[in-house]
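Down below is the structure, laid out as structure tokens.
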Amino acid sequence: MFQSIIHIALVVQDYDDAIDFYTKKLNFTLVEDTYQPEQDKRWVVVSPPGSVGTTLLLARASTEEQEMFIGNQTGGRVFLFLNTNDFWRDYQDMLSKGIKFVREPKEQPYGIVAVFKDLYGNLWDLLQLRDDHPQNRRHTAKLN
């Protein structure tokens, strides 16, 4: 059996602002931007550079209840984890583009990590996992 999580919905205020942030500040690729007239919404999907795994579905809030969760989808916890093969390259690039880090880089037993905010205030980890981390072993096993 094979299953995977293909998208994670991220509630946003505005499609174009979100696309601009993710593609220009985080270097994500715009995978799809399709208007759905029957629902008067767009299907907007972005993906980290080089990624073939889970993508982000940028979902514009369509109700007052959804709007309340923009920027706080997990009650203040880190929501998403952006793994990189070169932490310091990406950290410096993000700083140069005005990304706000709320926790400075720190060496942990699992790798290097720093916490940043996206344009709405959701917390993300930028991390580079150690080569021997179980997640890296899972990825390597799938490639073989």
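Hydrophobic clustering (ILVMFWY, side-chain heavy atoms < 4.5 Å, transitive): I112 and L26 are in one cluster. If you chain together hydrophobic residues whose side chains sit under 4.5 Å apart, I70 and L56 fall into the same group. At a threshold of 4.5 Å between side-chain heavy atoms, the hydrophobic network of Ile, Leu, Val, Met, Phe, Trp and Tyr places V31 and V46 in two separate groups. V12 and L30 fall within the same hydrophobic cluster, where Ile, Leu, Val, Met, Phe, Trp and Tyr residues are linked whenever their side-chain heavy atoms come under 4.5 Å apart, directly or through other members. One hydrophobic cluster, built from ILVMFWY side chains closer than 4.5 Å, cannot hold both V45 and L58; they sit in different ones.
In this structure, K106 NZ and Q108 CD are separated by 5.0 Å, a value rounded to the nearest 0.5 Å. In this structure, H133 NE2 and Q128 CD are separated by 12.5 Å, a value rounded to the nearest 0.5 Å.
Under the salt bridge (charged side-chain N to carboxylate O under 4.0 Å, His left out) criterion, R103 pairs with no residue, sequence neighbours left out. Every residue meeting the side-chain contact (heavy atoms from CB on, under 4.5 Å) condition with S62, not counting sequence neighbours, appears here in chain and number order: Q66. Taking the salt bridge (charged side-chain N to carboxylate O under 4.0 Å, His left out) definition, one finds that D125 meets it with nothing, sequence neighbours left out. Contacts of P37 classified as side-chain contact (heavy atoms from CB on, under 4.5 Å), with partners at least two apart in sequence or in another chain: Y35. D17 meets the salt bridge (charged side-chain N to carboxylate O under 4.0 Å, His left out) test with no other residue; sequence neighbours excluded. Under the side-chain contact (heavy atoms from CB on, under 4.5 Å) criterion, T54 pairs with I5, I8, not counting sequence neighbours. Taking Y15 as the reference, nothing meets the ring pair (Phe, Tyr, Trp, His ring centres under 6.0 Å) condition, with sequence neighbours excluded. Applying the salt bridge (charged side-chain N to carboxylate O under 4.0 Å, His left out) test to K24 and every residue at least two apart in sequence or in another chain returns D20.
Results of the side-chain hydrogen bond (donor to acceptor under 3.5 Å, both in side chains) test with Y22 over D118, T29, N27 single out D118 as the only residue that passes.
Looking at F28 and S47, their side chains never come closer than 4.5 Å, going by heavy atoms from C-beta outward. L57 has its side chain out of reach of I6: every pair of non-hydrogen atoms, C-beta onward, lies at least 4.5 Å apart. L126 is listed as a side-chain neighbour of M94, based on a closest heavy-atom distance under 4.5 Å. In this structure, the side chains of F21 and I99 come closer than 4.5 Å at one or more pairs of heavy atoms.
A donor-acceptor pair shorter than 3.5 Å cannot be found between the side chains of T63 and E65.
Contact detail for E67 and A61: the closest heavy-atom pair is CG-CB, 3.6 Å. Contact detail for D93 and S96: the closest heavy-atom pair is O-OG, 2.7 Å.
Applying the salt bridge (Lys or Arg N to Asp or Glu O under 4.0 Å) test to pairs two or more places apart or on separate chains, none has a residue in residues 76-90. The ring-ring contact (aromatic ring centres under 6.0 Å, His included) pairs that include a residue from residues 38-80 are H7-W43, where partners are two or more places apart or lie in different chains. For residues 39-62, the salt bridge (Lys or Arg N to Asp or Glu O under 4.0 Å) pairs, not counting sequence neighbours, are D16-R42, D33-R42.
Grouping Ile, Leu, Val, Met, Phe, Trp and Tyr residues whose side-chain heavy atoms lie under 4.5 Å apart, directly or via other members, places V113 in a hydrophobic cluster with V78, F81, V102, Y110, V115, L123, L127, L129.
Relative orientation of the Y91 and F87 rings is parallel, given thresholds of 30° and 60° on the angle between their planes.
Heavy-atom neighbours of E64 CD from other residues, nucleotides or ligands within 6.0 Å: at or below the threshold of 12. Within a 6.0 Å radius of NZ in K100, no more than 12 heavy atoms belonging to other residues, nucleotides or ligands are found.
The backbone N or O of V11 lies less than 3.5 Å from a partner atom in the side chain of Q73, making a donor-acceptor pair.
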